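In this chain, numbering begins with 1 at the start of the sequence shown. The structure displayed is predicted, hence computed values, not measured ones. Below, all heavy atoms of this structure are taken into account, side chains as well, without hydrogens, waters or symmetry copies.
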Amino acid sequence: MFDDWDLIVSSFLTQYGLRIRTKDFETVSWDEFKSLLAGIAPETPLGRIVAIRAETDKEVIKHFNKEQMRIYDEWRKKAADAITPADYDKEMVKLEMMFAAMCGGG
């Protein structure tokens, strides 16, 4: 959320007409803030970035422009960097088991 704070601020203004960095916004509860954030539309700055990050269709990704590809790649790298060595080892064991089952071994 911290990395996307500027996108959140601009999206709240775009969608709700709310300025987050004002005294009036201090009355918004955490639960209300979370609800507003969850309702951010795809047409907002944050919505557009999230759509790029979440894209899984290889044909769509293939047609990303340079900036979209940068956003997509940065997000995937950040997610990969967050994997601990223990999690990586667990996933590799799962892949090895799956591969062995597909190949008729193990």
Side-chain angles (χ1 to χ4, degrees):
M1 187 159 75
F2 294 111
D3 291 343
D4 293 330
W5 187 249
D6 289 338
L7 293 169
I8 293 168
V9 170
S10 61
S11 295
F12 270 55
L13 182 59
T14 300
Q15 183 167 328
Y16 304 118
L18 295 173
R19 294 187 182 275
I20 291 179
R21 295 181 177 128
T22 64
K23 278 281 194 202
D24 291 337
F25 199 80
E26 290 178 10
T27 63
V28 173
S29 70
W30 176 245
D31 286 338
E32 184 178 4
F33 175 80
K34 291 189 302 185
S35 295
L36 292 169
L37 184 58
I40 290 293
E43 299 81 27
T44 62
L46 180 62
R48 286 189 289 275
I49 296 298
V50 169
I52 292 168
R53 291 174 179 168
E55 187 57 63
T56 58
D57 186 326
K58 290 184 188 332
E59 282 301 308
V60 172
I61 295 166
K62 187 168 72 173
H63 293 95
F64 276 174
N65 64 36
K66 189 175 183 176
E67 180 64 8
Q68 289 170 316
M69 207 60 214
R70 182 192 62 76
I71 292 165
Y72 180 78
D73 287 341
E74 282 179 4
W75 186 252
R76 290 177 52 91
K77 182 182 180 333
K78 184 175 181 177
D81 289 347
I83 296 174
T84 66
D87 289 340
Y88 177 83
D89 290 342
K90 286 179 193 175
E91 291 303 314
M92 289 307 293
V93 168
K94 287 182 195 175
L95 284 172
E96 288 172 13
M97 290 171 45
M98 185 176 73
F99 185 75
M102 288 176 9
C103 294

Quiz prompt | CG on Asp57 to NE2 on His63, rounded to 0.5 Å | solution = 10.0 Å
Quiz item: From Asp4 CG over to Arg53 CZ, what is the distance, rounded to the nearest 0.5 angstrom?
Solution: 4.0 Å
Practice problem: Begin from the C-alpha positions of Lys66 and Met69 and carry the test side chain to side chain contact (heavy atoms under 4.5 Å, CB included) through to its verdict. | Solution: CA-CA 5 Å; Lys66 189 175 183 176; Met69 207 60 214; 5.8 Å; no
Quiz item: So does Arg70 have more than 12 non-hydrogen atoms from other groups sitting under 6.0 Å from CZ?
Solution: yes
Practice problem: Would you check if Glu67 and Ile52 make a side-chain contact, meaning some heavy-atom pair closer than 4.5 Å? | Solution: no
Quiz item: Can you hop from Phe64 to Trp75 via hydrophobic side chains spaced under 4.5 Å?
Solution: no
Self-check item: same_hphob_cluster(Leu7, Ile40) at 4.5 Å side-chain heavy-atom cutoff
Solution: yes
Quiz item: Hey, quick one: are Leu18 and Leu13 part of the same hydrophobic cluster, counting side-chain heavy atoms closer than 4.5 Å, chains of contacts allowed?
Solution: no
Quiz prompt | Between CG on residue Leu36 and CD1 on residue Ile8, distance to nearest 0.5 Å | solution = 11.5 Å
Practice problem: Would you give the length of the straight line joining atom CG of Leu37 to atom CD of Gln15, rounded to the nearest 0.5 angstrom? | Solution: 10.0 Å
Quiz item: Under 4.0 Å between a Lys/Arg side-chain N and an Asp/Glu carboxylate O for Lys34 and Asp31?
Solution: yes
Practice problem: Drop me the distance from Arg48's CZ to Ile71's CD1, to the nearest 0.5 angstrom. | Solution: 10.5 Å
Self-check item: Any side-chain heavy-atom pair of Ser10 and Thr44 under 4.5 Å
Solution: no
Quiz item: Do the two ring centres, one from Phe25 and one from Tyr16, sit under 6.0 Å apart?
Solution: no
Self-check item: ILVMFWY network linking Tyr72 to Val60, side-chain heavy atoms under 4.5 angstrom
Solution: yes
Quiz item: Going from CG on Asp6 to CD1 on Ile20, what distance comes out if it is rounded to the nearest 0.5 angstrom?
Solution: 10.0 Å
